[in-house]
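Input: a single structure, listed below in structure tokens.
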Amino acid sequence: EWYTANLTNGLGNLVARVMKLAEDNLDAPVDVASARRESPYVAELSKLCFNEPLDHIWYEISVIDKNINESEPFKVVRTDPEKGREMIRYAVARLFEVTVALEPFMPVTSRAITEAIQGNIKPENLFPRL
């Protein structure tokens with residue numbers, strides 16, 4: 001249940017939504033070169049405290065998803081292309097922040113999402129449906 005709710009439906013669907021929007025509407029990858037490259041949870045990890053960082057990461061995933069549902073960049077891009085593309089770039093940048101934070105916990109998944117962001121492509125399903 002946790003796997004399906006948080007990984008497949010949460011993170012997996014968010015990555016698919018954001019990167020499909022980016023792939024379809026952006027001419028180039030979002031520049032994340034200046035973004036932080038180290039997880040913000042180094043102190044917690046050194047104390048082997050995993051629950052707080054993971055709770056925060058899942059919260060951020062839900063916030064990004066809620067923002068997409070409410071702001072509807074997939075509709076805005078049709079009526080105001082530049083504003084819609086800016087909304088999509090913002091979602092990609094936020095997704096990258098989550099990806100960096102996930103790296104110590106899920107390095108392979110984090111790498112796959114980073115590669116999708118750098119290539120401006122929707123990745124294959126990150127998690128199989130159970």
Side-chain angles (χ1 to χ4, degrees):
E1 187 176 315
W2 187 90
Y3 174 91
T4 300
N6 289 313
L7 294 180
T8 305
N9 296 336
L11 179 60
N13 283 350
L14 178 66
V15 171
R17 287 177 78 190
V18 169
M19 292 316 301
K20 182 64 176 162
L21 283 168
E23 182 179 60
D24 289 350
N25 296 287
L26 303 179
D27 295 332
V30 173
D31 181 16
V32 293
S34 63
R36 177 177 28 188
R37 297 287 181 171
E38 182 179 293
S39 176
Y41 304 112
V42 174
E44 286 88 350
L45 294 175
S46 67
K47 295 183 276 185
L48 299 177
C49 178
F50 301 118
N51 62 318
E52 290 176 24
L54 287 168
D55 287 346
H56 182 73
I57 291 167
W58 290 159
Y59 173 76
E60 287 300 313
I61 290 168
S62 70
V63 167
I64 298 166
D65 195 47
K66 180 180 178 185
N67 181 269
I68 290 170
N69 288 337
E70 291 177 355
S71 65
E72 299 181 322
F74 45 88
K75 289 182 180 177
V76 174
V77 78
R78 288 187 220 128
T79 58
D80 185 346
E82 190 48 44
K83 181 177 180 184
R85 286 191 292 269
E86 188 56 38
M87 294 166 75
I88 294 166
R89 285 191 281 277
Y90 177 75
V92 171
R94 295 282 311 271
L95 178 61
F96 183 73
E97 291 171 7
V98 166
T99 301
V100 170
L102 268 177
E103 199 276 330
F105 306 102
M106 303 174 71
V108 173
T109 301
S110 177
R111 190 170 26 261
I113 299 169
T114 298
E115 288 171 1
I117 290 170
Q118 291 171 337
N120 197 42
I121 57 169
K122 177 187 168 288
E124 293 297 318
N125 290 341
L126 294 174
F127 310 102
R129 296 237 176 238
L130 296 179

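The side-chain heavy atoms of Thr79 and Lys75, taken from C-beta on, include no pair separated by under 4.5 Å. Looking at heavy atoms from C-beta onward, Tyr90 lies out of side-chain contact with Pro73 at the 4.5 angstrom threshold. At least one side-chain heavy atom of Leu95 sits under 4.5 Å from a side-chain heavy atom of Met19.
Side-chain N or O atoms of Asn25 include one that pairs as donor or acceptor with a backbone N or O of Leu21 at under 3.5 Å. No donor-acceptor pair closer than 3.5 Å links the side chain of Thr109 to the backbone N or O of Met106.
Within a 6.0 Å sphere centred on CZ of Phe74, heavy atoms belonging to other residues, nucleotides or ligands number more than 12.
There is no path of hydrophobic side-chain contacts, each under 4.5 Å, that joins Ile68 to Val76. Val15 and Met87 fall into different hydrophobic clusters, defined by Ile, Leu, Val, Met, Phe, Trp and Tyr side-chain heavy atoms under 4.5 Å apart, directly or through other members.
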Stepwise salt bridge (charged side-chain N to carboxylate O under 4.0 Å, His left out) check, Glu72 with Arg78: CA-CA 11 Å; Glu72 299 181 322; Arg78 288 187 220 128; over 6 Å; no

Determine, step by step, whether Asp24 and Lys20 satisfy the side chain to side chain contact (heavy atoms under 4.5 Å, CB included) criterion, reporting the C-alpha distance in whole Å, the side-chain angles of both residues, the deciding distance to 0.1 Å, and the verdict. CA-CA 6 Å; Asp24 289 350; Lys20 182 64 176 162; 3.2 Å; yes

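Atom OG1 of residue Thr99 and atom CD1 of residue Ile57 lie 9.5 Å apart, to the nearest 0.5 angstrom. Rounding to the nearest 0.5 Å places CG of Asn9 at 12.0 Å from CG of Leu14.
Lys83 meets the side chain to side chain donor-acceptor pair (under 3.5 Å) test with no other residue; sequence neighbours excluded.
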Under 3.5 Å, side-chain donor or acceptor atoms of residues 111-128 against the rest of the protein: list the pairs with distances, not counting sequence neighbours.
from, atom 1, to, atom 2, distance (Å)
Thr114, OG1, Ser110, O, 2.9
Asn120, ND2, Ala22, O, 3.4
Asn120, ND2, Leu26, O, 3.2

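For residues 54-68, the set of pairs meeting the salt bridge (Lys or Arg N to Asp or Glu O under 4.0 Å) definition, not counting sequence neighbours, comprises Arg17-Asp65, Glu60-Arg94, Lys66-Glu70.
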